[in-house]
Protein chains: 2
Amino acid sequence: MKLLEQLKFDEKGLIPAIIVDAADGQVLTLCYMTREALQKTLETGMVYVFRRSQNRLMLKGESSGHTQTVKEVRMDCEGKSLTLRVEQKVAACHAGYRTCYFRRYDPKADRVEIVEQQVFDPKSVYGK
Amino acid sequence: MKLLEQLKFDEKGLIPAIIVDAADGQVLTLCYMTREALQKTLETGMVYVFRRSQNRLMLKGESSGHTQTVKEVRMDCEGKSLTLRVEQKVAACHAGYRTCYFRRYDPKADRVEIVEQQVFDPKSVYGK
């Protein structure tokens, strides 16, 4: 695939991919893809990621069912990162929020506060 | 600062920060911050980055004048990345585009195409 040839994977073989909600343009999460993960993402139209903590390729949402269907892929000026606009099922974050960026820094109070609504209960989805 | 205590910088001392246009929510660029860069960003309200290729702290836009004023900082669920909504002067990308993500992958044609308009001429701004 022509896209793969133009990308620069880092010394661990990863490229960061910013996942954006196709519905409203909100940034949902930042994930990391190997060449294989990106290839599988492009072939299937579903986001596959390289889960660094588990050191393996996985379908984003494989345990929760909260998968992401790819609508658009863009690369940056240097080929070092991607944006993927996706149709997100339920929510992107394992903590139960639509976006992983549900905490905002309040510089006046010097504290971090939750500014999004939880849309599912992680206990009932992941059974933890 | 309370925010800094909750973040996990990687083994190189960096955290990725997704820069989002406060005007329209578009993803502009992905940059990397050291603890010092983030601290300076929070103190001054202007984005400072750690330029990996030059191995130094710099004001984003220091040579072009295309600076970024911070309107909002969010952290992700794991404290491993940030989003910064900014007021962008002129453009975020050194290639002359508002966003670094000006190239889209066309899966049918298997090629990457430019889908944004150039807003400045890099030659006249950077003198290259």
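- Of the charged side-chain nitrogens involved, at least one lies within less than 4.0 Å of a carboxylate oxygen, so that A:Arg74 and B:Glu116 count as a salt-bridged pair.
- Residue B:Val47 is not grouped with residue B:Ile18 when hydrophobic side chains (ILVMFWY) are merged at heavy-atom distances under 4.5 angstrom, including chains of intermediate members.
- A single hydrophobic cluster is seen to contain both A:Leu42 and A:Val49, as judged by linkage of ILVMFWY side chains at heavy-atom distances under 4.5 Å, directly or through other members.
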Going through the checks in order, is the side-chain contact (heavy atoms from CB on, under 4.5 Å) test met by B:Cys77 and A:Tyr97?
CA-CA 9 Å; B:Cys77 49; A:Tyr97 297 86; over 6 Å; no
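- Put simply, the side chain of A:Asp76 never gets that close to the backbone of B:Tyr101: no donor and acceptor are under 3.5 Å apart.
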When you look at A:His94 and B:Glu78, which way does the side-chain contact (heavy atoms from CB on, under 4.5 Å) test go after all the steps?
CA-CA 10 Å; A:His94 72 289; B:Glu78 297 185 319; 4.3 Å; yes
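- Note on B:Tyr32: it does not cluster hydrophobically with B:Leu4, by side-chain heavy-atom contacts below 4.5 Å among ILVMFWY residues.
- Salt-bridge annotation for B:Lys12 and A:Glu11: present, with a side-chain N of the basic residue lying under 4.0 Å from a carboxylate O of the acidic one.
- Ranked by heavy-atom pairs under 4.5 Å with chain B, the list A:Lys2, A:Glu5, A:Arg103 is led by A:Arg103.
- Residues of residues 22-31 of chain B that come within less than 4.5 angstrom of chain A, heavy atom to heavy atom, are B:Gly25, B:Gln26, B:Val27, B:Leu30 in numerical order.
- If you measure heavy-atom distances from B:Leu3 to chain A, the contacts under 4.5 Å come from both the backbone and the side chain.
- Residue contact with chain A, scored on non-hydrogen atoms closer than 4.5 Å, involves the side chain of B:Val20 exclusively.
- Linking Ile, Leu, Val, Met, Phe, Trp and Tyr whenever their side-chain heavy atoms come within less than 4.5 Å puts B:Ile19 and B:Val70 in one cluster.
- Within 6.0 Å of CD in A:Glu43 there are more than 12 heavy atoms belonging to other residues, nucleotides or ligands.
- When heavy atoms are compared at a cutoff of 4.5 Å, B:Gln6 approaches chain A solely by way of its side chain, counted from C-beta outward.
- Of the listed residues (A:Val73, A:Thr99, A:Thr83, A:Asp110), the one with the most heavy-atom contacts under 4.5 Å to chain B is A:Asp110.
- The neighbour count for B:Glu36 CD, taken as heavy atoms of other residues, nucleotides or ligands under 6.0 Å away, does not exceed 12.
- Going from atom OH of A:Tyr105 over to atom CG of B:Leu38 covers 9.0 Å, rounded to the nearest 0.5 Å.
- No path of Ile, Leu, Val, Met, Phe, Trp and Tyr side chains, each step under 4.5 Å between heavy atoms, connects A:Met46 with A:Met58, placing them in separate hydrophobic clusters.
- Atom CD of A:Gln117 sits in a sparse spot, with 12 or fewer heavy atoms from other residues, nucleotides or ligands closer than 6.0 Å.
- Put simply, of B:Arg111, B:Glu72, B:Lys80, the one with the most heavy-atom pairs under 4.5 Å next to chain A is B:Glu72.
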